[in-house]
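Data block below; observations after.
As the structure is a computational prediction, the values presented were derived from the model and not from experiment. Naming convention: chains lettered A, B, ... in sequence-line order (proteins, then strands); numbering from 1 in each chain.
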4 protein chains.
Amino acid sequence: MKNNKPKYKLIIDAAVDVIAENGYHASQVSKIAKKAGVADGTIYLYFKNKEDILVSVFEEKMGQFIEQIVTATNERENASEKLLTLIEMHFSQLAANHHLAIVTQLELRQSNLSLRQQINRILKPYLVVIDEIVKEGVEEKLFRSDIKIPLIRQMIFGTLDETVTNWVMNEEKYDLIGLAPYVHELITKGVSVK
Amino acid sequence: MKNNKPKYKLIIDAAVDVIAENGYHASQVSKIAKKAGVADGTIYLYFKNKEDILVSVFEEKMGQFIEQIVTATNERENASEKLLTLIEMHFSQLAANHHLAIVTQLELRQSNLSLRQQINRILKPYLVVIDEIVKEGVEEKLFRSDIKIPLIRQMIFGTLDETVTNWVMNEEKYDLIGLAPYVHELITKGVSVK
Amino acid sequence: MKNNKPKYKLIIDAAVDVIAENGYHASQVSKIAKKAGVADGTIYLYFKNKEDILVSVFEEKMGQFIEQIVTATNERENASEKLLTLIEMHFSQLAANHHLAIVTQLELRQSNLSLRQQINRILKPYLVVIDEIVKEGVEEKLFRSDIKIPLIRQMIFGTLDETVTNWVMNEEKYDLIGLAPYVHELITKGVSVK
Amino acid sequence: MKNNKPKYKLIIDAAVDVIAENGYHASQVSKIAKKAGVADGTIYLYFKNKEDILVSVFEEKMGQFIEQIVTATNERENASEKLLTLIEMHFSQLAANHHLAIVTQLELRQSNLSLRQQINRILKPYLVVIDEIVKEGVEEKLFRSDIKIPLIRQMIFGTLDETVTNWVMNEEKYDLIGLAPYVHELITKGVSVK
DNA sequence: TATGAATGAGCCTTCATTCAT
DNA sequence: AATGAATGAAGGCTCATTCAT
């Protein structure tokens, strides 16, 4: 297991910091190596190339991110509560980690097609989690069944993602977590007066 | 008026094509010049630098994009119909222009902070259009007034943007425009069974 | 006679100003054209290329410079007085024209071999003037005849040139013209106590 | 000590040759790298930028140049003999190194203000050496005390510099070192018949 | 395993000069 | 004579990756 090797984690964490501090394009491999306290060449003992570092960053961090959400939502009774918990966890985890928020919402998007496709592959399990909550809601007759699930998932993910991005670009000046119930209300009830 | 100069348009259009075909990072100025049929140096008679080309591409194309939407929504009677028209126009304009869709949804996001901020400035009028439709809906007692408008706007824009991005990344294999009524339904009524 | 054409003089004078203000390497042809109030292309109706502008600048200005000195020295009776007058005129003309001093002492020296050779050709008449004064001094038994004239001329010109360059590089903070009698004394008597 | 690194010296020496052969403006970094037998990028491990190469060339070579002169003059008994030795060493060192002579007398002068100021800083110790010899001469009552030392130094340096430049521009056709006693005589006794 | 010096391909931008009007 | 838009060659510098130690 490569993440048992201490330098592997060292490099991943250094990469998050360097990218958050310098931006994607100013994050040279040598800068990451320096931050991690290893030689440039050592990076290539653990990662195939620069892109592999970035993919691994996302893989590691998103893995933990999703795991937390899965664990928390599993403790909830119904789909609506699970959705609220997912929103709360999505917001709170990014609010708790300034650097990670910058990297996921801004910097990692400045990548080429190949990298974006790998990021999407990594993101897949999160989308599956959303899908499953929606399916559960439909079965429980809480959520509508007349609109295809992918579309519903796009609304949910798009809303969360846009909300976090706006918050990051506004320099995180307001309380992101406090928005969770309102976002949940919007997603469940829509914009219409009931 | 700089866009009366024929070479200006020539270069803008060439840039859209080149970026869509090669991706942002593989779009050398010389490639754009060649496609436009002008000398490399000519680019710099019309644009300050490479970043200025990209900002101008977005400015021109997004200007037209928003104008079309404003014109079309103004012909509608109430906020709900205006929202549907906005969604239809958003989808149809990007569906009609393959290259533009790739550039706006994928390539232009691979940019540094300075460029992203300029892109956000250009995007601002579109967000204002959404805000105004929401305000109108609230006045007409069609839309809820218990949730802040920026949050509602983020849900709307986030949903549309995520939907288009998914469509582009799925290689535009399904009918985007056909999704408009479902997306409209989702935004207005939410995910709950009424 | 090309210098009867008004634009010719306009361009020459613009060139002196532009070079003095911006330095040799930042003096683009377009900048000179703008300062002269003509189009870029017009420059090439009067000058073969950029180097030709610079040579012409030196030719014009140095022509006047030498003419003034010849006229003034001719009014003197003997070689020693002529030498003093030459030193005074050399210093006073450059002290009177800030821009010209910068151009001749600093900027024009940043040129390639071909240009330097042409500058030397233009400078030749000045060196001849010095040679003639020295010859006259030798004939009048005022100046020594045991050292070759070119060597004496190099001492005279080198001393004057180095003195002016130091004055320019010290931002012309002291009185250059006031140094003339001391320099004259040094050249005639040398560094030895009587 | 950076000049212990073999590539540092390799690049410095290659730069002297390339500049002497091609002139300052035709001396591309890639040409210097090729001559030194290193990759272009290697240059930038040892020098900040192209200008830094030139400054370093002058620093290294002028350092040795001055050191030689200081050592030699220190072996002399009085100021007049020291001055003669300084002139002999100044001439002989440049006569012995064709490329270095071209670089110091012609090419290095084609530089911008920033570079010239750095060159002057490097040249300073040499001017101090001259000043000290003059001061010693004044104390020994060999040299006059009625003219300010900077002016005397300008005469000495200006004469030597002009003499070497003329020799280089005349393609080094005559014996420079042989001129030393005459130049010494001129500087000490001046142009007047005693 | 680890190092870090060395590599070299790659690109944006400038500006002297031309030429159709 | 005059214009000025257009040209396109040229080069300093960066940085991901390699490899001898």
Side-chain angles (χ1 to χ4, degrees), chain A residues 5-8 10-11 25-34 36-54, chain B residues 5-8 10-11 25-34 36-54, chain C residues 5-8 10-11 25-34 36-54, chain D residues 5-8 10-11 25-34 36-54:
Chain A
K5 311 209 181 166
K7 303 223 167 167
Y8 178 84
L10 231 44
I11 295 166
H25 286 110
S27 293
Q28 298 88 336
V29 171
S30 62
K31 228 179 237 168
I32 295 173
K34 193 169 188 183
V38 301
D40 292 16
T42 305
I43 299 268
Y44 291 86
L45 298 175
Y46 294 92
F47 301 91
K48 211 166 67 254
N49 50 33
K50 189 183 179 184
E51 187 171 301
D52 190 29
I53 307 175
L54 299 169
Chain B
K5 308 207 182 171
K7 307 232 162 162
Y8 178 83
L10 228 46
I11 295 166
H25 286 109
S27 292
Q28 300 90 331
V29 170
S30 62
K31 227 179 242 171
I32 296 173
K34 195 169 188 181
V38 302
D40 291 18
T42 305
I43 299 271
Y44 291 87
L45 296 176
Y46 296 91
F47 302 91
K48 216 168 57 255
N49 50 33
K50 191 184 176 183
E51 184 172 305
D52 190 31
I53 306 176
L54 298 168
Chain C
K5 309 209 184 169
K7 305 224 166 166
Y8 178 84
L10 230 44
I11 295 167
H25 286 111
S27 293
Q28 299 87 338
V29 171
S30 61
K31 227 178 236 169
I32 296 172
K34 194 169 187 183
V38 302
D40 292 17
T42 305
I43 299 268
Y44 291 86
L45 297 174
Y46 294 91
F47 301 91
K48 209 165 68 256
N49 51 33
K50 189 182 177 183
E51 188 171 300
D52 189 30
I53 306 176
L54 299 169
Chain D
K5 308 207 183 173
K7 307 234 160 161
Y8 178 83
L10 229 45
I11 295 166
H25 285 109
S27 292
Q28 299 89 332
V29 171
S30 62
K31 226 177 240 170
I32 296 173
K34 196 168 186 182
V38 301
D40 291 18
T42 304
I43 300 270
Y44 292 88
L45 296 175
Y46 296 91
F47 302 90
K48 217 168 55 258
N49 50 35
K50 190 183 176 183
E51 185 172 303
D52 190 30
I53 306 176
L54 298 167

Where DNA chain F forms stems, i.e. three or more consecutive Watson-Crick or G-U pairs with both distances under 3.5 Å: E:2-21 with F:2-21
Whole angstrom value for the distance that separates C1' of F/dG11 from CD1 of D/Ile32: 12 Å
Gap between atom CD1 of C/Ile43 and atom CD1 of C/Ile11 - 0.5 Å precision: 4.0 Å
Between P of E/dC15 and CG of C/Asn49, the distance in whole Å: 17 Å
Partners passing side-chain contact (heavy atoms from CB on, under 4.5 Å) against A/Ala26 (at least two apart in sequence or in another chain): A/Asn22, A/Lys31
Spacing of D/Lys50 atom NZ relative to F/dC13 atom P, expressed in whole Å: 8 Å
Whole-Å gap separating P (E/dA2) and CG (A/Leu10): 11 Å
Separation of atom NZ in A/Lys31 from atom P in F/dA16, rounded to whole Å: 10 Å
Test log, rule side chain to side chain contact (heavy atoms under 4.5 Å, CB included), inputs C/Ile32 and C/Val29: CA-CA 5 Å; C/Ile32 296 172; C/Val29 171; 5.6 Å; no
Between E/dA16 (C1') and C/Asp52 (CG): distance, integer Å: 14 Å
Length of the line joining D/Lys48:NZ and F/dC13:P, which is rounded to integer Å: 10 Å
Comparing D/Ser30 and A/Val29 on DNA chain F - which has the more 5′ nearest nucleotide: D/Ser30
Spacing of OG belonging to D/Ser27 relative to CG belonging to D/Leu54, to within rounding of 0.5 Å: 8.0 Å
Minimum heavy-atom distance C/Lys50-C/Gln28, with the two atoms named: NZ-CA, 4.4 Å
Shortest non-hydrogen contact between C/Ala33 and C/Asp40, atoms and distance: CB-OD1, 3.5 Å
Parallel, tilted or perpendicular, as decided by the 30° and 60° cut-offs, for the rings of D/Tyr46 and D/Tyr8: tilted
Summary of protein contacts for nucleotides 4-10 of chain E, nucleotide by nucleotide, where a base hit scores B, a sugar-phosphate-only hit scores S (4.0 Å, heavy atoms): B-BBB--
Candidates F/dG12, E/dT14, F/dT17 - which lies nearest the side chain of B/Tyr44: E/dT14
